[in-house]
J.: 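To start, I am sharing the structure in question, which I have written as structure tokens.
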Amino acid sequence: MDTGSDQDADRGIDVSVVVPAYNRRASLDRCLTSLLVQRVAKEIVVVDGGSRDGTRALLGLYAAHHRRLITVIQDAQPGTPGGARNRGLERAAGRFVFFCDAGDHLAPDALARLVAAADRNGADVVVGKVAGARQGLRESADRASLTAVYDDLSCFKLFRRDFLERHAIRFDETQRRGEDMTFAVHAYCHARVISVVADGDCYHAEGGGEASARDPLGWLRVVRTPIEVMARHVPPGALRDRLLLRHLRRDVLAQLGVPFLAACEAEREKIAVEVADICGQWLTPGVRAGLDGVDAARVAALDDPDRLVRLALVEAAPLRHRLTGAEWRGDRLVIEGWAALGDADGASAGAGPDGAAHEGAALNGTSLKDAVLTGTVGLVLRERMSRQERVPFVTRGGTAASGSFTAVLDVAALPPGVWDVHVAVECEGARRLARLGSRREPGAGVPAAHLVGGVVVVPFLTRSHGHLGLDLGGHVVRVPAVVRLARTWWRGRRLRVEGRALVGEEAAAAAVRHLIWRERASGREHRERAMAVGPREFAAETARLRPGIWDAYLELGLGGPPVRFPVKVAEADALDRPLRWWRGALRGGVAQWTVRPYATAVNRRLSVSVRVATPLTVVRRMARTLRQR
């Protein structure tokens, strides 16, 4: 039966929230509380399929205290999640429908932000950021592409209700798993506008692990349905290939990982056959081209269960690694380390850093040892923005049997950018990557910045985890440069500035570009060309500064965006005397100009004071002096 007041579609409800609640007494309080505080015109439709844990009594209390907001639909027997959601959808009266599981909850302003986005953009579907989700969009979008949102195939989104009615989009009540994936695919393929709200968490999922990991065969049968729904709506071509790639990587080939290892031998054969059948139907040349090394190796090994086991073991094993040293040898950076696949408690496939061999990790009777012994160890550099990769030359080690390696980076061959250093273990065609540096030998750190071919190379460790990276050009890491004033002197009415420029301990005068004077109050800038007059020495001349206080900076070109450094005054006698002269000034009068180089009191930075004294200024100054006396 239904409890709650009769509700008509024309009574101004913005959102109908549909909540299946079978045996969810423990988490229902938090869920309903998070829905009641949403600041939109709403109704909450809860569907209980004959709960036996006190859920029914709790829902009765909520419905009694919130008669205008909460409707409870009681079914005598439990059904499928899709059936419960369909019952709620039939009862919904809002302009929009949001599906929420009873074990989850919403951020306090989630529905208001989702509805605002839908109204602003005319969206049929609005995807909200799921807290802690590793996949999905990271930025909000008024009109997102299908490929951009396709990673998230849950039903926990805002849907325009008349859109669902118009296209007869409903949950498959025969499915106990994956029904939300099919629903989301159907909705995505019909939506004219899909918006994304990612400026803050909207949905907090508190459910358990992925069901597919417990029953890979069942999941492989389930996932065929959303693939077929998508294929009915998206014609063959690049778009379909990109969507198929998502399904094959995350839903199909992933079952050859940990779920494959957990299965018995007979089930493994069935899983491989099922995956091969799906690939035979949907693995187009475009999809094949998008597979990474691990998945491509799995596709090639579908008729070789033993190799599939080895690939799964390589993927499942923890990748242990350690940075043992990094140093410059000329213009090449030499990085030494150790890496191996194995258990976190010390068991590994090969030898540890002390040279002792360990027993291989085992899962369901399968050893990791033999698989890893055939692999190789090295480094991979990956540029953050472009994602391009470089593989340094390994001069020592390089096999997973020893674990130790020495890699030589030809830094001069790298384009400017920020390069993250990954340790890589390759085995059976599978490549495992991990950021290097978070674990280090005592005393192992990063060498100083170095100039290579006019480009500054700054090795660094990230603040959060201590990962090793290289900043070529000074994009994100402060360049350790120092600019020291040697002397200032007057050439007529032009102030000549001479000094030394160093990056670390290296001469950097060849990188000087401009001497920049920045007026302290207004922020105006005056630029003068600077030139190298020696390996470390530079010079620049300045004239025609307007009245004000001007601070001096030297601009260097070090391979990335131009960087500037304050000119520091080491010795007071490096500063020439103030210079004064008379000349025609404002409105045809005569004025005295005073230009005085000086060092700031706190940081000893080179600054110049430019003052203009007109006759009127002189009179006022004399008057103030007389009053003070």
Side-chain angles (χ1 to χ4, degrees), residues 292-294 296-297 314 319-341 348-353 355 371-441 443-462 466-473 475 477 506 559-560:
D292 60 18
V294 176
V314 170
L319 174 53
R320 298 185 297 127
H321 52 85
R322 187 174 297 112
L323 175 66
T324 59
E327 64 177 356
W328 289 106
R329 294 180 187 172
D331 287 344
R332 285 176 165 78
L333 182 63
V334 178
I335 298 177
E336 295 181 328
W338 174 87
L341 294 171
S348 80
V372 176
L373 285 175
T374 62
T376 61
V377 178
L379 292 185
V380 172
L381 305 182
R382 181 177 291 166
E383 208 282 318
R384 286 187 185 177
M385 296 299 294
S386 66
R387 309 302 294 173
Q388 60 179 305
E389 293 185 355
R390 296 288 191 275
V391 179
F393 179 65
V394 176
T395 62
R396 180 178 65 86
T399 66
S402 64
S404 299
F405 65 88
T406 299
V408 179
L409 281 62
D410 184 6
V411 179
L414 295 177
V418 181
W419 295 83
D420 295 317
V421 180
H422 298 74
V423 63
V425 176
E426 295 194 21
C427 179
E428 291 288 340
R431 185 178 74 169
R432 292 285 306 280
L433 291 179
R435 293 290 302 276
L436 180 66
S438 58
R439 298 175 181 87
R440 299 185 293 276
E441 287 287 341
V446 294
H450 182 50
L451 286 173
V452 179
V455 177
V456 64
V457 182
V458 188
F460 66 93
L461 298 173
T462 62
H467 294 149
L468 178 62
L470 303 176
D471 187 344
L472 275 69
H475 294 80
V477 180
E506 299 182 44

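Everything numeric here is computed off the predicted structure, so don't read it as measured data.
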J.: Is a donor on one side and an acceptor on the other found under 3.5 Å between the side chain of Arg382 and the backbone of His422?
T.: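 The answer is no, because no donor-acceptor pair under 3.5 Å joins these two groups.
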J.: Give the intermediate values and the outcome of side chain to side chain contact (heavy atoms under 4.5 Å, CB included) for residues Trp419 and Val411.
T.: CA-CA 11 Å; Trp419 295 83; Val411 179; over 6 Å; no
J.: Working to the nearest 0.5 Å, report the span between NE2 of His450 and CD of Glu327.
T.: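 So the NE2 of His450 and the CD of Glu327 are separated by 12.5 Å.
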J.: Rounded to the nearest 0.5 Å, what's the gap from NE2 on His467 to OG1 on Thr462? Could you check?
T.: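 Between atom NE2 of His467 and atom OG1 of Thr462 there are 5.5 Å.
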J.: Please enumerate all residues that pass salt bridge (charged side-chain N to carboxylate O under 4.0 Å, His left out) together with Arg435, with sequence neighbours excluded.
T.: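 Partners of Arg435 under the salt bridge (charged side-chain N to carboxylate O under 4.0 Å, His left out) test: Asp420.
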J.: Run Leu379 and Ile335 through side chain to side chain contact (heavy atoms under 4.5 Å, CB included) and show every step you take.
T.: CA-CA 9 Å; Leu379 292 185; Ile335 298 177; 3.9 Å; yes
J.: Begin from the C-alpha positions of Phe393 and Asp410 and carry the test side chain to side chain contact (heavy atoms under 4.5 Å, CB included) through to its verdict.
T.: CA-CA 9 Å; Phe393 179 65; Asp410 184 6; over 6 Å; no
J.: What distance separates His475 NE2 from Met385 CE, expressed to the nearest 0.5 Å?
T.: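 The distance works out to 9.5 Å.
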J.: From Leu319 CG over to Arg432 CZ, what is the distance, rounded to the nearest 0.5 angstrom?
T.: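 Leu319 CG to Arg432 CZ: 5.5 Å, rounded to 0.5 Å.
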J.: Given 3.5 Å as the limit, does a donor-acceptor pair link the side chain of Trp328 with the main chain of Ala448, or not?
T.: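 A pair under 3.5 Å: yes.
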J.: Looking at Val418, is its backbone amide N or carbonyl O close enough to the side chain of Glu383 to form a donor-acceptor pair, meaning the two atoms are under 3.5 Å apart?
T.: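 Such a contact is found between Glu383 side chain and Val418 backbone.
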J.: So, applying side chain to side chain contact (heavy atoms under 4.5 Å, CB included) with Glu336, which one of Thr324, Leu323, Thr395 is it?
T.: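 When side chain to side chain contact (heavy atoms under 4.5 Å, CB included) is applied between Glu336 and each of Thr324, Leu323, Thr395, only Thr324 qualifies.
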J.: What's the verdict on side chain to side chain contact (heavy atoms under 4.5 Å, CB included) for Leu468 and Leu461, showing C-alpha distance, side-chain angles and the deciding distance?
T.: CA-CA 5 Å; Leu468 178 62; Leu461 298 173; 4.2 Å; yes
J.: Looking at NE2 of His321 and CZ of Arg440, how far apart are the two atoms once the value is rounded to the nearest 0.5 Å?
T.: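 Here the rounded value is 11.5 Å.
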